[in-house]
Amino acid sequence: MKEPRLFAQNRIRMFGAALAASALALTACSDGGSSATEDDSGGGEGLPSVITLSVIKELTGSAGFAGESALEGIELAIEEINDTDFLGEDVEVRPDVQDTASNTQTAVTMVGQAATNPDFAAILGPSNSDAGQAVAPIAQRAGIPLVFSQSLGDGILVGDYIFRVNAPLDSYSGLAWDYMADEGIETVSILYNSTSVRQSQGATEMSPAFAEERGIEILSSTGIPVTSTDFTAAAAQVANEEPDAVVYFMAGAQHVTAVQQVRRAGFEGALIGGSGIEAGLETVGEDGDGIVWATDYNYLWQNESALAFTDAYVAKYGENPLSYAAEAYDSVWWIARGLEESGDASHAGVQQGLTTVAEAGFDGAQGPLTFEDNDARTVGVLIQWIGGEQVLLRAGDE
Amino acid sequence: MIDVIVNSLTLASIYFLFAVGMSLVWGSIGVLNFAHGGIFMASAFGCFLILDEVALPLLGVMAVGMVIGGVLAALVQFVAFGPILTRERDRHAGEFQIIAAGIGLASVIVALAQKRFNEPFGLSASTFEIRAFRIGELVVTNIALIIIGLAVLLGTGLTLWLRRSIQGTALRSIGVDPTTASLMGINRPRMALLAMVTSGVLAGLAGSLLTLYLGAIETTSGDALIIKAFAIIVLGGVGSVAGAVVGSVVLALAETLLLTYSSGTWVDAASFGLIFVILLVRPRGIFGRKEVRRT
């Protein structure tokens, strides 16, 4: 029965040849890091007609409020880039949005998939520091640019494909310490969230340095885990120390509780909060009257580029933006400037463009931005809560 | 030292109000209710939404919290725990499913709340004004005194109800031997519902009072308290109100002392450390009952 066997063997050979030819063709067509193109004949300077950014943010879950605000900033920036033909008449930027649900493992899966998807020019990474630490190495190994807004922990900027548009606390927190020195504050007590690396570093590393420079004495520094619901003991301790000011490094409901309980414990001095107090100002009520905090952006800032962002945001969304929106807005514009610079939407091209733009710095929603090793630095603003209103005390660019 | 004691008492009262409902349900109908934290938060969240429309006094806020808690707990029993317990031959067979269902339901409750409003929320729109009183070095607020008073009242009331009333005795008998209890004419599904609703009412009360006391909570605040409640129940003994009291006081005192005299970073270690030690030394807890195994 040689004829059927020969026929089967021929079929196998033909199939194998077809497979090899297909593989060859695919290899010839593929490019190690090209971005999405619906039409390769796209815009000027070699940019494709469609550039897709993978947006992986916490839109629900515990950090959902930050992610939602960030997404608004991203969508505003993309709208502006497209409407003004910033990258060319026929070039359109599109977001591909995914929700991590504030889950680190989900973020890892999403970034892993995005990193191997040739359709994405870059990734806008999650805000949560834990997720940031987990996904940064993935993006670096895959050679796809990843820009973080938030994600302020250590061990995130692991290579030249990782960028961050949020300034670390010490970039602008000096404003609050200068304020304290100007007000004649000589002693402070610190309360901080001991679960958060960023807050802990702010309290235990940054604050002593700032305090020493200004001749301010730190009477105590009390760490409280994020799972603690009651700070009565810590508040009583702080009130008994009678410092001139209480400095907080906290976020969310903890911040509100800590402020209220310190006041109830009888403390009447100055309160210096973290930028996390903004979300709880309405809830903290009268107890928070007079609280001062430094932040990288506020809608009251009259800096030209910050104000342009604020006006555009209010026009689109009808409310004042939070700092998360400003930071994410800057992350998109950084990429856009990088694309314009390099004229190349491949991963290597975007990376090169981002790096070049970072070397020069640019004016964004967070004001004048400079960078150290692809990590943003900003001048910040100092805000006070008085009589139920936010008041701009000073700006770092004055 | 007096302020440490008072602070510990307040914290213990909060823990007790939260944990006693969970202990009651676990000890009677054998349900380890991981939806308890979600019910706690949802009760407070419901109060927050209602206060956005109408300012309520303290009693009104408490009542709203308790109603929401009771209704949610009843729903959880109808939708999840009841069918699971009915389907399985005995409660041990359904334990894993109960835990999974509780965690799942809590996630749904939290997600729904976050969809509506995902920032810290408080009950400051209530007409109730929190005042602080200074007695020498000690500062105490009116809400703290109310929480302590209610915890004492409820602890006493629950103990008497469980020991002296027919329903309480029936509930305890289900906890000892559900089969025999059924044979004695006790309606297990009805008693299970009663236990869950009672637990939900207590969670709702804890939610409204704790939110007033702290000023604000978050949609995930119930999760942290579940761990504390677990430590308290293990320490005090499953199903024992006295055990919940002792467990709450011990945990609160340990945490307050750590926070006052050491570093706050050890506070969580206290919760887990206590669970570990008690499981080694006295697995059934201080007031837990011995299990009788028939051969």
Side-chain angles (χ1 to χ4, degrees), chain A residues 58-69 101-102 191-195 200 221-237 239-240 251-267 276-288 322, chain B residues 3-4 6-8 10-11 14-15 18 48 107 110-111 114-115 117-125 130-134 137-141 143-144 210-211 213-221 223-225 227-228 252 255-269 271:
Chain A
E58 299 85 349
L59 302 179
T60 54
S62 57
F65 66 96
E68 281 181 354
S69 177
S102 305
L191 289 174
Y192 67 97
N193 174 354
S194 57
T195 311
S200 296
S221 193
T222 307
I224 301 168
V226 74
T227 50
S228 273
T229 47
D230 183 34
F231 309 146
T232 315
Q237 193 177 347
N240 288 339
Q254 258 203 338
H255 215 323
V256 172
T257 304
V259 167
Q260 290 189 334
Q261 291 190 338
V262 159
R263 283 295 192 219
R264 287 176 200 164
F267 177 73
I277 191 63
E278 219 173 325
L281 284 172
E282 299 287 342
T283 311
V284 80
E286 278 179 9
D287 289 327
L322 297 176
Chain B
D3 55 344
V4 171
V6 172
N7 293 337
S8 301
T10 312
L11 189 60
I14 291 166
Y15 285 164
F18 182 87
F48 165 70
S107 303
V110 168
Q114 286 175 344
K115 187 76 185 159
F117 187 80
N118 199 5
E119 289 181 13
F121 61 92
L123 305 180
S124 53
I130 295 177
R131 291 181 209 275
F133 307 101
R134 184 171 275 278
E137 288 290 317
L138 178 66
V139 176
V140 67
T141 57
I143 187 67
L210 183 61
T211 308
Y213 176 67
L214 295 178
I217 64 170
E218 292 170 340
T219 51
T220 52
S221 292
D223 298 342
L225 281 170
I227 304 295
K228 313 268 185 190
E255 290 185 357
T256 306
L257 286 171
L258 278 168
L259 211 54
T260 307
Y261 297 114
S262 176
S263 167
T265 50
W266 289 101
V267 166
D268 276 351
S271 308

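Residue numbers begin at 1 in each chain, while the letters A, B, ... track the order of the sequences.
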B:L214 and A:T257 have their tightest heavy-atom pair at O-OG1, 2.9 Å
inquiry  = Is it the case that the side chain of B:R134 and the backbone of A:A265 share a donor-acceptor pair, with hydrogens and angles ignored and the cut-off at 3.5 Å?
reply    = yes
d(B:E255 CD, A:I224 CD1) to nearest 0.5 Å is 11.5 Å
Sequence neighbours excluded, the answer for ring pair (Phe, Tyr, Trp, His ring centres under 6.0 Å) partners of B:F18 is B:H36, B:F40
key: B:Y213 and A:Q260, any side-chain heavy atoms less than 4.5 Å apart   = no
In terms of heavy-atom contacts, B:A216 and A:V256 come closest through CB-CG1, 3.6 Å
Counting heavy-atom pairs under 4.5 angstrom with chain A, the leader among B:V110, B:I130, B:L257 is B:I130
Turns out that what part of B:T219 lies under 4.5 Å from chain A's heavy atoms comes down to neither
If one checks every heavy atom of A:N240 against chain B at 4.5 Å, the contacting part turns out to be side chain
Residues A:T283 and B:P120: closest non-hydrogen pair is OG1-O, 3.7 Å
Closest heavy-atom pair, A:A253 versus B:E218, reported as atoms and distance to 0.1 Å, is N-OE2, 2.8 Å
Turns out that what part of B:F117 lies under 4.5 Å from chain A's heavy atoms comes down to neither
Turns out that what part of B:Q114 lies under 4.5 Å from chain A's heavy atoms comes down to side chain
